[in-house]
Novice: 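Sending over a structure as structure tokens; questions will come in a sec.
Quick note: numbers below take in every heavy atom, side chains included, and nothing from hydrogens, waters or symmetry partners.
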Amino acid sequence: MYSIRSAVPADEQSVVDLVARLQADQEHLIGYHGATREEVADELAGFRPDWAAGAVLAVDDEGGVRGVLSVDADPEIGRAWLHGPYVDLPEGHPAPRQAWQNTADDLLDAAVGLPRLAGIGDQELYGHRRHRRLADFAARHGFDPVGASRVFALDGPGLRGVLVTAAGQDDEPRVLAAGADPAVDAGVVALHERCFPSPTVTGRQLVRGDRGHTVLVLTGADGVIGYAGGFAQQDELYVDYVGVDPGMRSVGSGRALVRALLRALAAEHGARPRAAAVISLGNDASERMFTALGFTLRLELVGYRRK
């Protein structure tokens, strides 16, 4: 029904429009993207080394963009994230489910031949739990479910209250300056790898800021107590990782790190209307921590992975 071709930079605005429109429907929502045009554009701008060289499109007879699958990959950790597939069908199509799957299959066939995926067999899909077509697509192509996660968000007075809270004394978390103290850097790397055995960002990448993270660290007499890493997006401050030494949990260290991280991100990039964090289903301790900070549940997502 559609023809498949590689993306070019001039396609970006059409793709942003398509993705933002489909993201508004939970049955098409992909967890890697935001909801607004600005958030989607910001996400595409973060692809390395660029978005277009890692994307394939489905186009109609008039050349209009009706589907997209974008690939983001990290050769250092040997992992790729498939943003999509998105497929937009004409209203009233007689066989929408089959047409969606056929187009999605064609997009994947084209994407796996991209140089960006060369040598990378660890691939992920991620979408809303109501995105049943994605679940069927994942199953047919050998992607196994790897667990659900929940998106928690904080906005309004709750977020403003965190951002205007004055910083404490010398024992408050501080922004990590990579290279300034090798022992602290090593402590953050070790704790990250201990807390997150299969992360999307390695400890060294996190400390170096390779993926754009700002990192806050809390130290004590015995070294690193905990850290938090995140970044600013178009419409939100995103808390990506929080790790606390097991012997120092349940005493408020995690909450202090999250508050300090949000203040640091706002100071560096400007305030945003929302803060967000993704928590794996079953991580009750993290849910309690973010709930205590005022975060509330907004979305439930499911990941799929093949190696």
Side-chain angles (χ1 to χ4, degrees), residues 1-74 80-93 96 99-117 123-128 131 133-134 137 151 153 211-212 231-238 269-274 276 298-299 301:
M1 184 176 67
Y2 298 139
S3 58
I4 308 298
R5 67 170 174 84
S6 298
V8 296
D11 293 317
E12 183 171 341
Q13 288 308 308
S14 296
V15 168
V16 168
D17 291 339
L18 173 71
V19 171
R21 178 159 50 81
L22 293 180
Q23 284 289 86
D25 183 350
Q26 292 179 347
E27 295 183 0
H28 292 274
L29 188 146
I30 298 298
Y32 299 127
H33 283 302
T36 67
R37 293 186 74 262
E38 292 76 15
E39 289 174 329
V40 174
D42 191 46
E43 181 72 29
L44 298 185
F47 278 53
R48 290 173 172 79
D50 67 300
W51 163 76
V56 292
L57 307 180
V59 297
D60 59 24
D61 292 340
E62 287 74 41
V65 176
R66 305 303 298 268
V68 60
L69 178 58
S70 307
V71 176
D72 194 13
D74 188 330
W81 299 268
L82 308 185
H83 295 234
Y86 291 94
V87 180
D88 184 31
L89 298 175
E91 187 173 353
H93 191 284
W100 192 99
Q101 294 292 351
N102 288 343
T103 304
D105 289 351
D106 292 342
L107 287 167
L108 182 62
D109 288 344
V112 295
L114 294 171
R116 189 163 296 177
L117 279 180
Q123 302 165 4
E124 282 192 10
L125 298 167
Y126 192 46
H128 196 280
H131 197 335
R133 290 174 181 171
L134 183 68
F137 172 84
V151 179
R211 304 287 283 186
F231 46 84
Q233 296 181 308
Q234 183 69 32
D235 291 323
E236 70 183 18
L237 305 174
Y238 185 68
H269 302 284
R272 299 291 194 269
R274 181 177 65 252
R298 302 295 173 89
L299 288 174
L301 304 167

Novice: List in chain and number order the residues that pass side-chain contact (heavy atoms from CB on, under 4.5 Å) with A271, two or more places apart in sequence or in another chain; answer none if no residue qualifies.
Specialist: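 A271 satisfies side-chain contact (heavy atoms from CB on, under 4.5 Å) with L163 once adjacent residues are dropped.
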Novice: Over all heavy atoms of both residues, which pair between R211 and A73 is shortest? Give the atoms and the distance, please.
Specialist: NH1-O, 4.4 Å
Novice: Counting C-beta onward and ignoring hydrogens, is there a side-chain heavy-atom pair between P85 and L134 closer than 4.5 Å?
Specialist: yes
Novice: Rounded to the nearest 0.5 Å, how far does CD of Q23 lie from CG of L29?
Specialist: 4.0 Å
Novice: Who are the side-chain hydrogen bond (donor to acceptor under 3.5 Å, both in side chains) partners of D11, not counting sequence neighbours?
Specialist: R5
Novice: Show your working on side-chain contact (heavy atoms from CB on, under 4.5 Å) between E124 and Y32 and close with a plain yes or no.
Specialist: CA-CA 11 Å; E124 282 192 10; Y32 299 127; 3.3 Å; yes
Novice: Take the angle between the ring planes of H33 and H83 and call it parallel below 30°, perpendicular above 60°, tilted in between.
Specialist: perpendicular
Novice: Can you see which heavy atom on S70 is nearest to which on A55, and at what distance?
Specialist: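 In terms of heavy atoms, the two residues are closest at OG-CB, 3.9 Å.
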Novice: Not counting sequence neighbours, which residues clear side-chain hydrogen bond (donor to acceptor under 3.5 Å, both in side chains) with R298? List them please.
Specialist: D155, T296
Novice: Mind listing the closest non-hydrogen atom pair of L89 and P96 along with its distance?
Specialist: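 So the two residues come closest at CD1-O, 3.1 Å.
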Novice: Output the distance between atom CD (Q233) and atom CD (E236), rounded to the nearest 0.5 Å.
Specialist: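 So the CD of Q233 and the CD of E236 are separated by 4.5 Å.
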Novice: Nearest 0.5 angstrom please: L18 CG to Q13 CD, how far?
Specialist: 12.5 Å
Novice: Might you point out which heavy atoms bring L125 and G84 nearest each other, and give the distance in Å?
Specialist: CD2-O, 3.5 Å
Novice: Any chance you could measure Y2, atom OH, to D88, atom CG, to the nearest 0.5 Å?
Specialist: 6.0 Å
Novice: Considering non-hydrogen atoms only, spot the tightest contact between A110 and I4 and give its length.
Specialist: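 Scanning both residues completely, I find the closest heavy atoms to be CB-CG2, 3.7 Å.
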Novice: Which pairs with one or both residues in residues 22-33 pass salt bridge (charged side-chain N to carboxylate O under 4.0 Å, His left out), sequence neighbours excluded?
Specialist: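 Checked against salt bridge (charged side-chain N to carboxylate O under 4.0 Å, His left out) - neighbours excluded - the pairs reaching residues 22-33 are E27-R130.
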Novice: Could you tell me which non-hydrogen atom of A80 sits nearest to which non-hydrogen atom of V71, and how far apart they are?
Specialist: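 The answer is CB-CG1, 4.5 Å.
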Novice: Show your reasoning for whether side-chain contact (heavy atoms from CB on, under 4.5 Å) applies to H131 and I30.
Specialist: CA-CA 8 Å; H131 197 335; I30 298 298; 4.1 Å; yes
Novice: Please identify each residue that fulfils side-chain contact (heavy atoms from CB on, under 4.5 Å) with L108, with sequence neighbours left out.
Specialist: L69, L82, V112, F137, H141, R306
Novice: Mind checking the CD-CG spacing from E43 to D72? Nearest 0.5 Å is all I need.
Specialist: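 Rounded to the nearest 0.5 Å, the CD-CG separation comes to 7.5 Å.
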Novice: State which residues pass side-chain contact (heavy atoms from CB on, under 4.5 Å) with Q234; sequence neighbours excluded, sorted by chain then number.
Specialist: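 Scan of Q234 (side-chain contact (heavy atoms from CB on, under 4.5 Å), adjacent residues dropped) gives E38, E39, D42.
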Novice: Pairs in or reaching into residues 47-63: which pass salt bridge (charged side-chain N to carboxylate O under 4.0 Å, His left out), with residues at least two apart or in two chains?
Specialist: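 Counting only pairs at least two positions apart or across chains, the salt bridge (charged side-chain N to carboxylate O under 4.0 Å, His left out) contacts touching residues 47-63 are D50-R116, D60-R66.
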Novice: Mind checking what makes ring pair (Phe, Tyr, Trp, His ring centres under 6.0 Å) contact with Y238, not counting sequence neighbours?
Specialist: F231
Novice: Go through the structure and list residues passing side-chain contact (heavy atoms from CB on, under 4.5 Å) with E12, not counting sequence neighbours.
Specialist: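 E12 satisfies side-chain contact (heavy atoms from CB on, under 4.5 Å) with V16, L44, W51 only.
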Novice: Enter the distance from Y86:OH to T103:OG1 here, rounded to the nearest 0.5 Å.
Specialist: 16.0 Å
Novice: Not counting sequence neighbours, which residues clear side-chain hydrogen bond (donor to acceptor under 3.5 Å, both in side chains) with D17? List them please.
Specialist: R37
Novice: Not counting sequence neighbours, which residues clear salt bridge (Lys or Arg N to Asp or Glu O under 4.0 Å) with D105? List them please.
Specialist: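 D105 satisfies salt bridge (Lys or Arg N to Asp or Glu O under 4.0 Å) with R140 only.
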